[in-house]
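Chain A is the first sequence line, chain B the second, and so forth, proteins listed ahead of strands; every chain is numbered from 1.
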Amino acid sequence: EPALIFDLGGKFDKSFNEAAHMGGQRWSEETGGTYKELEMQSEAQREQALRRLAETGANPIVMTGFAFGEVLNKIAPDYPDTKFSIIDTIVDQPNVQSVVFTEEQGSYLAGVMAAMASETGTVGFIGGMDIPLIHKFECGFAQGFKATNPEGRVLINYTGTTPAAWNDPVKGGELTRAQKSQGADVIYAAAGGTGIGVLQTAADEGILSIGVDSNQNHLHPGQVLTSMVKRVDNAVFDAFTAGEDLAPGVTVMDLAADGVVVAIDENNQELVTDEMQAAIDTATEAITSGQIAVHDYMTDNTCPVQ
Amino acid sequence: MDFATIIQILDSAVRLMTPLLLACLAGLYSERAGVFDIGLEGKMLMAAFTAASVAYATGSAWLGLCAGVAGSLALSLIHGLASVTFRGNQLISGVAINFLASGLTVLLGQKIFGLGGRTPSLTGQGRFGEITLPFANALRDVPFIGPIYADLISGHSILVYVAFLMVPLTWWVLFRTRFGLRLRAVGENPASVDTAGVSVTRLRFAAIAICGILCGMAGAYLATGLSAGFVKEMTAGRGFIALAALIFAKWRPVSALFATFLFGLLEAIANRYPNLDLGVITIPSMFMNALPYILTVIILAGFVGRAIPPRAGGEPYVKER
Amino acid sequence: MTHAGDMPGGRPDEAAPAAIELRGISKAFGPVQANKDISLRVPKGTIHGIIGENGAGKSTLMSILYGFYKPDAGEILVNGTSLTVTDSQTAIRAGIGMVFQHFKLVQNFTVLENVILGAEDGPLLRPSLARARGVLKQLAAEYELNVDPDEVIEELSVGHQQRVEILKALYRQADILILDEPTGVLTPAEADHLFRILRGLKDEGKTIILITHKLREIMAITDNVSVMRRGEMVGSVQTAQTSPEELAELMVGRKVLLNVGKTPARPGAPVLEIRDLTLVDEDGVERLRGIDLDIRAGEILGIAGVSGNGQTQLLEILGGYPEKGSTVSGRLSLNGRELPLGGRGCDGAERRRQGIGHIPEDRQSEGLIMDFTAWENTAFGYHHAPECNRGPLMDNAAILADAEAKMERFDIRPRNAHLAARNFSGGNQQKIVVAREIERNPDLLLIGQPTRGVDIGAIEFIHRRIVELRDAGKAVLLVSVELDEILSLSDRIAVMFDGRIMGERLPGQTTTGELGLLMAGISDTENTPDSAGIPPETKHVEDLSPQGPA
Amino acid sequence: MDRMPKWADVILTPLISLLLAMAISALVILAIGESPREALAVMVEGALGSSYGWGFTLYYTTNFIFTGLAVMVAYHASLFNIGGEGQAAMGGLGVALVLLHLPLPHWSLALPAAMLGAALFGAAWALIPAVLQARRGSHIVITTIMFNFIAAAALNYVLVNMLRPVGSMDPASARFPASAQLPKLSDMALGLGFEWGRNTPVNISLFVAIAACVLVWLLIWRTRLGYEIRALGRSEPGALYAGISPVRIVVITMLISGGLAGLMAINNVMGEAERLVLNAVEGAGFIGIAVALMGRNHPLGVFLAALLFGFLYQGGGELALWTSIPRELIVVIQALVILFTGALDNMVRMPLERIFMAIRQRRA
Ligand SMILES: Nc1ncnc2c1ncn2[C@@H]1O[C@H](COP(=O)(O)OP(=O)(O)OP(=O)(O)O)[C@@H](O)[C@H]1O
Ligand SMILES: Nc1ncnc2c1ncn2[C@@H]1O[C@H](COP(=O)(O)OP(=O)(O)OP(=O)(O)O)[C@@H](O)[C@H]1O
Ligand SMILES: [Mg+2]
Ligand SMILES: [Mg+2]
């Protein structure tokens with residue numbers, strides 16, 4: 001029986017934990033199988049939860065979030081017969097599959113779309129807590145935008161420095177207004193629950209927004225330009241499907257592997273012009289072929305644009 | 001920084017200060033009556049949840065507001081029971097209320113909506129819309145006054161205007177009415193009120209109830225005015241900031257207006273200038289985010305003298321030991 | 001039950017209609033039986049005194065009458081009709097007004113606001129305030145109760161605060177006025193003034209109940225007097241039929257010496273020399289203006305003066321803690337050693353180490369930590385002393401043993417060192433402070449208002465201890481607003497007015513009249529005694545009882 | 001002179017209050033459609049049913065003891081230190097800096113060094129609010145709240161930009177050297193020849209915490225400094241009269257309080273995570289307020305209350321982990337426990353007092 005462990009944000013975090021949850025649900029609907037699901041209470045529980053699951057025979061065990069990296073590295077050798085899959089960071093152990101996403105690539109596409117949709121030439125990025133992972137989104141977005149509109153401007157805000165930064169839609173809304181008043185007319189939110197406020201306010205103010213992690217286009221049909229979807233659900237689904245035969249090593253969920261996509265569905269079809277679609281296709285092509293190398297913020301903690 | 005930017009920042013400050021102002025005035029009534037309240041945060045949170053839930057269920061923001069007030073009042077009642085009727089420790093009661101709201105909102109939200117404590121997004125009449133004051137559009141082009149009226153003063157939710165009206169109203173109630181006189185007296189020396197033949201318990205409960213109503217409005221504004229629904233922990237520490245503003249304002253209504261405005265303004269500025277580029281160094285966003293708090297400390301240390309709380313504050317009124 | 005009949009002297013007039021009648025009132029605070037089956041009858045239009053030791057239950061009884069406490073049993077009749085007093089509102093409506101021992105005023109309200117609190121005319125303040133202003137003016141004219149209606153209470157002297165309390169009662173048209181130890185904090189002049197007012201009220205047909213520890217006042221102004229002891233009513237008697245000695249014995253249950261017998265002082269070398277001591281407070285007001293004083297070993301120097309003329313500041317400086325924000329200049333030397341007036345080395349602990357003991361004016365906020373136990377309080381201020389410590393820790397066993405010994409020697413009741421200070425009556429609280437400071441055998445003892453609110457048994461005891469200390473060759477500085485106390489204890493008297501020493505006198509060679517003039521700032525003419533021409537005792541009797549039944 | 005025997009006040013009242021809190025919690029559980037009996041069973045079993053559960057319970061207890069003591073010490077001086085959260089976070093930074101920059105060969109050397117770092121950083125974070133309160137009268141409640149936010153920002157900055165190993169996603173410091181690993185209780189048990197609490201994070205810090213309880217008790221009730229702290233807390237004019245300097249006491253008390261809060265880091269940062277992570281304190285600073293108040297500001301009470309909260313934390317964690325009950329239930333239970341034992345205690349005490357008075361009267 002497989003198991004899924006969510007990070008502290010909880011499975012309804014409107015972000016990648018929720019996406020993982022969706023993946024698990026989809027697997028159980030399609031296969032009729034059951035799986036165990038755990039939500040963390042505290043930092044100290046990470047190890048506890050992993051060990052307890054491993055001891056109860058769950059296999060494979062999938063966990064979301066880089067914060068599990070250290071702990072997994074420590075305990076994986078204790079359970080050589082159990083397969084682990086960790087999302088968002090790399091753990092080098094023989095029984096661990098590390099799934100990483102190229103958020104910078106997906107964000108690059110979002111940047112391209114934002115540049116084309118923007119009439120003012122100014123777009124915004126609103127991040128949750130100021131941590132490196134979110135800078136990865138920001139940097140990819142800025143690269144895509146600048147590549148399309150070198151003269152344009154990207155406004156950048158982070159919500160805060162405490163975990164409350166992920167759950168403050170009011171502040172998200174206010175930041176949206178602040179960015180709009182500086183000319184932004186497309187705003188990309190990578191901020192969990194705070195993003196809900198961003199999307200809402202953007203819709204209220206009549207500007208476009210871009211969702212993140214899961215497909216949020218439906219939240220405000222016709223007003224969300226797209227969502228930069230991280231197919232965490234696929235990663236979970238695949239891991240569950242592979243079961244005990246899960247292949248260890250690093251799995252890169254990139255644009256080519258459909259690991260990151262910009263969602264286009266009936267809710268935003270009208271916003272995506274043919275030109276835009278063409279630009280997306282070109283950029284996708286260029287990235288997958290290696291023609292364009294989207295810089296990953298994580299490699300050197302810097303961003304080439306701005 | 002041009003004029004339009006200043007207007008925009010002020011406009012943002014007004015929105016950001018409104019929940020603080022309502023909560024601050026709420027605390028003012030309670031603490032002026034001698035009942036400390038560090039549970040403002042919890043009451044706002046509970047109100048935000050009940051308001052969003054009912055607004056969603058009924059599609060009416062006004063019913064949501066009523067529910068928000070009711071939710072907050074329920075917690076007020078607990079605070080009153082603990083700190084007045086049973087003469088318990090007011091601080092502990094406040095801490096408990098914060099925990100209770102934090103847990104119950106998610107628990108109930110999950111039970112009812114199954115969205116992990118979130119409520120579904122509100123639309124249409126479920127939210128308080130922005131009100132355009134008369135002539136706002138006509139006056140917009142008048143230089144200077146126009147933008148101030150049309151962009152800064154007009155175009156807020158009704159609760160913003162209510163909050164601002166509460167300031168003179170609170171002043172009037174406290175300093176010009178019998179109720180206010182007794183309320184202030186009971187926070188300074190409950191025995192003086194008791195020996196004058198007025199019930200200390202009733203007065204304190206009344207103050208706590210008003211506190212609940214105002215916190216309810218603050219919470220409802222967060223969930224149905226500023227955003228479109230409830231998200232867990234969405235008050236994000238605003239209750240504590242309101243408490244700080246209250247002490248900052250030395251428990252006075254007009255000062256409360258300025259104190260909360262200052263907090264709103266600092267946050268609006270930090271929002272507007274996330275990385276301050278000073279040429280030599282760039283101040284990182286973490287510090288811009290912390291700026292309102294740092295400035296508060298500096299202002300407090302530099303310009304505001306000793307804050308003397310209502311003398312009987314924090315102490316239950318005990319006649320017989 | 002004890003009846004008035006047990007008392008010597010005649011009973012109060014049973015035939016006259018009663019304004020108040022209490023029957024079988026009992027009240028317990030937890031395990032403390034504060035009132036036991038008390039009956040009391042107060043005839044209309046009289047002034048009725050109630051006396052009793054600290055903790056006898058006087059305040060409790062009156063608070064029950066006023067509806068502040070609920071009695072466990074008993075009946076209250078006002079003007080002959082039975083009244084269930086559930087809260088103070090019913091008492092007020094029945095025409096009862098009360099001035100509490102500890103004033104119930106809102107410190108940062110104005111006089112006017114305090115007066116109307118609870119008796120407003122309508123939901124808005126303005127009309128109430130306007131009407132009260134008028135009524136106050138009228139009352140002020142009628143009874144000489146002058147206070148500025150717009151002054152904030154905390155700015156007023158205690159005497160004026162008390163006037164506000166009386167005004168509050170009169171504003172509510174009280175016919176029956178209860179005053180709980182009203183003179184405890186008043187200067188003699190203020191007390192005289194109060195009694196004039198009370199007589200005026202009585203003449204108007206109002207009934208007054210007066211609680212006091214001062215037998216002189218009872219003798220001078222009351223018609224009848226009741227005595228309480230340990231929660232019970234020992235009896236009631238017509239004042240004219242009794243004597244202070246008799247009352248004192250009834251109250252305490254033993255013979256009390258009303259006058260300290262003391263031998264003449266044999267002053268030695270100066271212990272403390274004060275030179276040109278000046279203090280300017282935070283607001284720039286000069287509170288002390290060049291004080292020069294010597295206090296010699298083996299003498300008690302009394303400082304007389306109306307409170308607020310710098311005595312508090314003087315004691316604070318000597319005690320090592322001058323008022324916050326003030327500037328002090330001048331010189332102090334103790335046994336020839338210079339004492340710092342500020343900064344390092346100027347604190348209470350250092351002064352104690354130098355041999356200065358201090359019984360502060362306000363025992364509840366300074367002299368004691370009310371929430372500390374009695375034994376902890378006996379080390380307060382001396383907690384650095386070697387005998388209180390063993391190594392890095394405090395020697396609690398030693399402190400406790402010492403405290404229990406002190407409680408025995410000073411007859412502090414209840415004899416339980418583990419009780420919090422706030423659970424002792426005022427007199428016993430004062431004894432804890434006195435025991436602590438006197439038993440350290442300081443070279444110089446500073447004393448502020450040693451017997452404020454303390455019953456006569458305890459006063460006698462405290463006075464004796466002070467004299468003993470002097471006889472052991474120590475110097476004592478006594479500050480008191482009680483002229484009687486000053487006159488009977490001091491070996492030398494200095495009068496303070498407006499931050500200055502107006503003059504020095506010897507107790508045997510002066511009169512209250514002369515002292516009174518000095519206290520009022522009428523300057524030190526030559527050493528001509530008797531400026532008012534009335535010897536001390538007579539002056540008081542004259543003042544207090546023009547009808548003079550005693 | 002008391003209305004009821006001391007044992008009744010100290011044991012009976014909290015016990016009945018606790019039962020009431022549990023009863024209401026059961027109703028809440030029923031209301032969300034779960035079985036309270038089962039929930040209780042999971043909690044008790046998960047927190048106390050095995051050495052494994054105990055291991056976690058005691059780990060959380062250790063955290064709460066430190067923050068509880070911190071609040072308690074300040075409270076005795078009438079200072080309401082809401083800043084435990086920030087002080088503990090800063091303590092973590094102190095531990096991290098010491099352990100990362102000072103290669104010590106053995107934990108017995110690393111522990112005192114880390115304790116020093118933790119206490120110093122925690123105390124330093126309390127120093128500014130303390131000085132502002134003492135000298136400028138700035139209300140310590142506001143300044144400590146503000147310093148919590150500032151600490152979060154500062155830590156965020158330091159972790160992301162300075163302590164984070166290059167290429168790491170995690171805003172966390174590098175792992176501390178292995179020589180700085182604190183012995184776990186489970187290791188000690190093994191050393192004594194039996195197996196106890198395998199893989200639980202409870203470590204030697206628990207003994208440090210218990211020692212801290214004893215020391216704080218000595219400090220408050222047996223030393224001159226403690227005497228002065230309590231005296232100032234009860235009456236400032238009294239303190240001045242007795243020659244106690246309010247400025248000095250306020251500053252010293254807050255330094256001790258901040259130091260105690262900072263010391264928590266040896267448990268969670270050094271003992272458990274073995275590196276500094278962003279949100280290491282996880283609200284323990286706020287729980288400390290409840291622990292101190294419920295513990296009646298006495299170290300023994302703090303210890304017991306910390307144990308209770310440790311139980312709730314671990315039991316609740318288990319509940320959330322292994323049942324479908326949302327983890328927020330435990331927050332509600334905590335709230336009810338705080339409410340009934342801390343704020344509504346008179347609801348139980350008043351009738352009890354009446355009963356005891358009646359018994360006494362009958363005997364008399
Ligand atoms: N509110 C109260 N709660 C508990 N005990 C009280 C209370 N008020 C008074 N007592 C106790 O009741 C007894 C009577 O107190 P009361 O104040 O009536 O004495 P008193 O005669 O007025 O003394 P004093 O002369 O000192 O004013 C004392 O033992 C006192 O400690
Ligand atoms: N407005 C407030 N709301 C909540 N808590 C407060 C407020 N003001 C102060 N507190 C804190 O509550 C705690 C308990 O109050 P308490 O009355 O015992 O102390 P205090 O009022 O600070 O002391 P002091 O009388 O010396 O000023 C205090 O430490 C105080 O800091
Ligand atoms: Mg206080
Ligand atoms: Mg009395």
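- Of the atoms belonging to C:Asn108, heavy atoms from both backbone and side chain fall under 4.5 Å from chain B.
- Comparing B:Val193, B:Thr177, B:Asp194, B:Asn189 by heavy-atom pairs within less than 4.5 Å of chain C, the highest count is held by B:Thr177.
- In this view, C:Gln162 satisfies the side chain to side chain donor-acceptor pair (under 3.5 Å) rule with no residue, not counting sequence neighbours.
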Can you list, pair by pair, the side-chain donor-acceptor contacts under 3.5 Å of residues 164-172 of chain B, counting residues two or more places apart and other chains?
residue, atom, partner, partner atom, Å
B:Thr170, OG1, B:Tyr29, OH, 3.2
B:Thr170, OG1, B:Met166, O, 2.5

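- Counting only distance, with no hydrogens or angles, the side chain of B:Glu31 and the backbone of B:Asp37 share a donor-acceptor pair below 3.5 Å.
- At a threshold of 4.0 Å, the pair B:Arg184-C:Glu113 counts as salt-bridged, since one of the basic side-chain nitrogens sits closer than that to a carboxylate oxygen.
- When each of C:Ala119, C:Ser63, C:Pro123 is scored by its heavy-atom pairs under 4.5 Å with chain B, the top score falls to C:Pro123.
- Taking non-hydrogen atoms and a 4.5 Å limit, the residue list of residues 90-99 of chain C in contact with chain B, ordered by number, reads C:Ile92.
- The existence of a salt bridge linking C:Asp150 and C:Arg133 is confirmed by a sub-4.0 Å separation between a basic side-chain nitrogen and an acidic carboxylate oxygen.
- Most heavy-atom pairs under 4.5 Å with chain B: of the set C:Asp87, C:Leu124, C:Leu117, this distinction falls to C:Leu117.
- Remark: B:Arg182 engages C:Glu120 in a side chain to side chain donor-acceptor pair (under 3.5 Å) (not counting sequence neighbours).
- Annotation: C:Phe100 is in aromatic contact with C:Phe68 [ring centroid separation under 6.0 Å].
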Using the rule given for salt bridge (charged side-chain N to carboxylate O under 4.0 Å, His left out), can you reason through C:Glu154 versus B:Arg311, listing the C-alpha separation, both sets of side-chain angles and the distance that settles it, and then say yes or no? CA-CA 13 Å; C:Glu154 52 198 351; B:Arg311 249 162 272 221; 3.3 Å; yes
